[in-house]
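This report concerns only the one structure given below.
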Protein chains: 2
Amino acid sequence: MIKKLKNFYLFRHMDEAKLARLEDISNIVEYKKGTILFFEGDEAKNMIVLLDGILQVYKTDQKGNKVILHHFFPVDVIAEIVNLEHMRYPASAEFETDGRALIINYELFEKEFLKDPEVSFAFIKSLSKKIKYLENVIATNMVMNSTARVAKFICEHGHEISDLKKSHIAADLNMTPETLSRILKKLSTLGLIEKKKDEIIILDKEGLETFYL
Amino acid sequence: MIKKLKNFYLFRHMDEAKLARLEDISNIVEYKKGTILFFEGDEAKNMIVLLDGILQVYKTDQKGNKVILHHFFPVDVIAEIVNLEHMRYPASAEFETDGRALIINYELFEKEFLKDPEVSFAFIKSLSKKIKYLENVIATNMVMNSTARVAKFICEHGHEISDLKKSHIAADLNMTPETLSRILKKLSTLGLIEKKKDEIIILDKEGLETFYL
DNA sequence: CAATTTCATTGACCAATATCAAGAATAATT
DNA sequence: AATTATTCTTGATATTGGTCAATGAAATTG
């Protein structure tokens, strides 16, 4: 069970004894699709490592709309700052698929593991990865308009489009399905993409990139 | 000169020898108001610690408008991720006042200092502080509307308003001066604030908070 | 395969905020 | 104090994207 963690950078250098101890102070929980892992404002006593499934992190604006911030994929530590800073979750998290998570007693983890230079260096890496991610959220959502966000998404995730519902993509891009639909039509009219059934073909990648680069 | 650093958490536990070595691998540079410390996309060979002055960090959108992300105040490490991840600056930085910065050779710093558990723990703190900051940028700019941003600003920085030009405040809140002016008028009409010459008096803090809490 | 449900598109309209231009107030300079 | 420059406010208009409602197209179910 815990072997999977060996593949995860935070735990890679741990010997058997340490991993066993980690197992002692943690447990694995399964979640169904749609389950809320935590709500914005919740207090955190545990550190969470996502083992399986996709986790969506979002805030809710005044009108009750979701503003989607991240998607976490296995294996990832979720919201370590909340533990480090003894703060409350700044956003909510919901499982987008069935999933599993390792729930670690943070107090013990900090005491027994975090002083280890290897672990703390890995922690630094994990935090800086998160900062990069947040910078990207900001760059995408604060600096770019809807058309640019769509163009970027097509260029970076063109292949995924066939698997995802349009309404899902729209939500991830923080826009309505109507807006997405109109923008796709526009890009299609401009001859930058071709909308085939269930698929979007990029005709002019450079043209798309001019919207966001 | 370097003594000032003793007050900064990242360097607090360093002994004289270490501080001296730090001085060896770094130098202090003065900047005039309006100077660009780095541009978005620049590569970073040094780690920067802001010693004096206010540094504004921003991106530029397609229309050429600034989108202001942070203000850094002394003493703060600037954009450590850029060093840690060997990436390019994700935003530009400009001195809003005259200032000074400690420019540290990062390669040497990483080699000689970062393995030290105390330093790396402090680094973790610094990174997590930055994440909190970014979370706040997102919470403020992506999920709140203009009125909420203004209400929040008044509640949190009421005193500073007298020192700042309205157009400056508007820029920091990522809105136009016209919008700010209209919102202040609205809040004033609602009896939540009173606009005196050069000053804004909060009449009903709870009323203001309802806009953003 | 017909019926039903879900999802995507389209059009008409609305709300929030930006833009542009003019005027009013304030501050700085002579 | 008068003049000039700067900043602030106000109104008119434009733009972007959201909302609501209707229709069309796919997918699912019986």
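The structure presented is a predicted model; accordingly, all values stated were derived computationally and were not measured. The chains referred to below are lettered A, B, ... by the order of the sequence lines, with proteins before strands, and numbering in each begins at 1. Keep in mind that the numbers below use all heavy atoms, side chains included, and drop hydrogens, waters and symmetry copies.
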Q: Check the angle between the aromatic planes of A:Phe109 and A:Phe113 and answer parallel, tilted or perpendicular using the 30° and 60° thresholds.
A: parallel

Q: Describe, as an angle rounded to 10 degrees, how the axis at the first end of the helix from C:dC1-D:dG30 to C:dT30-D:dA1 is tilted relative to the axis at the last end, five pairs per end.
A: 30°

(Q) Using a 4.0 Å cut-off to any heavy atom of chain B, which nucleotides of DNA chain D are the first and last in contact, reading 5' to 3'? (A) D:dT7 to D:dA12

Q: To the nearest Å, give me how far apart NZ (A:Lys63) and P (C:dA15) are.
A: 10 Å

Q: Measure from CD on A:Gln62 to P on C:dA15 and round the result to the nearest Å.
A: 17 Å

Q | By side-chain contact (heavy atoms from CB on, under 4.5 Å) - contacts of A:Phe121 (at least two apart) | A | A:Lys125, B:Leu114

**Q.** Crowding at NZ, B:Lys195 (>12 non-hydrogen neighbours, <6.0 Å)
**A.** yes

Q. Among pairs that include at least one residue of residues 129-181 of chain B, which meet ring-ring contact (aromatic ring centres under 6.0 Å, His included), considering only residues two or more places apart or in two chains?
A. B:His70-B:Tyr133, B:Phe153-B:His157

Q: Just grab all the salt bridge (charged side-chain N to carboxylate O under 4.0 Å, His left out) pairs involving residues 161-181 of chain A, residues at least two apart or on different chains.
A: none

Q | Derivation and outcome, side-chain contact (heavy atoms from CB on, under 4.5 Å), residues B:Tyr106 and B:Lys45 | A | CA-CA 6 Å; B:Tyr106 178 70; B:Lys45 297 210 179 56; over 6 Å; no

Q) Looking at residues at least two apart in the chain, or sitting in another chain, which of them share a side chain to side chain donor-acceptor pair (under 3.5 Å) with A:Gln62? A) none

Q: Starting from C1' on C:dA15, measure out to CG on A:Asn65 and report it in whole angstrom.
A: 13 Å

(Q) Without decimals, in angstroms, what is the distance between A:Lys195 NZ and C:dT10 C1'? (A) 11 Å

Q: Scan residues 182-193 of chain B against DNA chain C and write down, sorted by residue number, each residue with any heavy atom closer than 4.0 Å; if none is found, say none.
A: B:Arg182

**Q.** Pairwise salt bridge (charged side-chain N to carboxylate O under 4.0 Å, His left out) hits with a residue in residues 55-66 of chain B, at least two apart
**A.** B:Glu40-B:Lys59, B:Lys66-B:Glu94

(Q) When you measure from the side chain of A:Thr189 to the backbone of A:Lys185, do you find a donor-acceptor pair of N or O atoms at a distance under 3.5 Å? (A) yes

Q) Does A:Ala151 have any side-chain contact (heavy atoms from CB on, under 4.5 Å) partners at least two apart in sequence or in another chain, and if so, which? A) A:Leu208, A:Phe211, A:Tyr212

(Q) Using a 4.0 Å cut-off on heavy atoms, which residues in residues 144-181 of chain A reach DNA chain C? List them by number, or say none. (A) A:Lys165, A:Lys166, A:Ser167, A:Glu178, A:Ser181

Q) For residues 145-155 of chain A, which residue pairs qualify under side chain to side chain donor-acceptor pair (under 3.5 Å), counting only residues two or more places apart or in two chains? A) A:Asn136-A:Lys152, A:Thr140-A:Lys152, A:Thr147-A:Lys186

Q: May I ask you to check whether A:Ser128 and B:Glu85 show a side-chain donor-acceptor distance below 3.5 Å?
A: yes

Q | side chain to side chain donor-acceptor pair (under 3.5 Å) involving A:Asn46 - partner list, sequence neighbours excluded | A | none

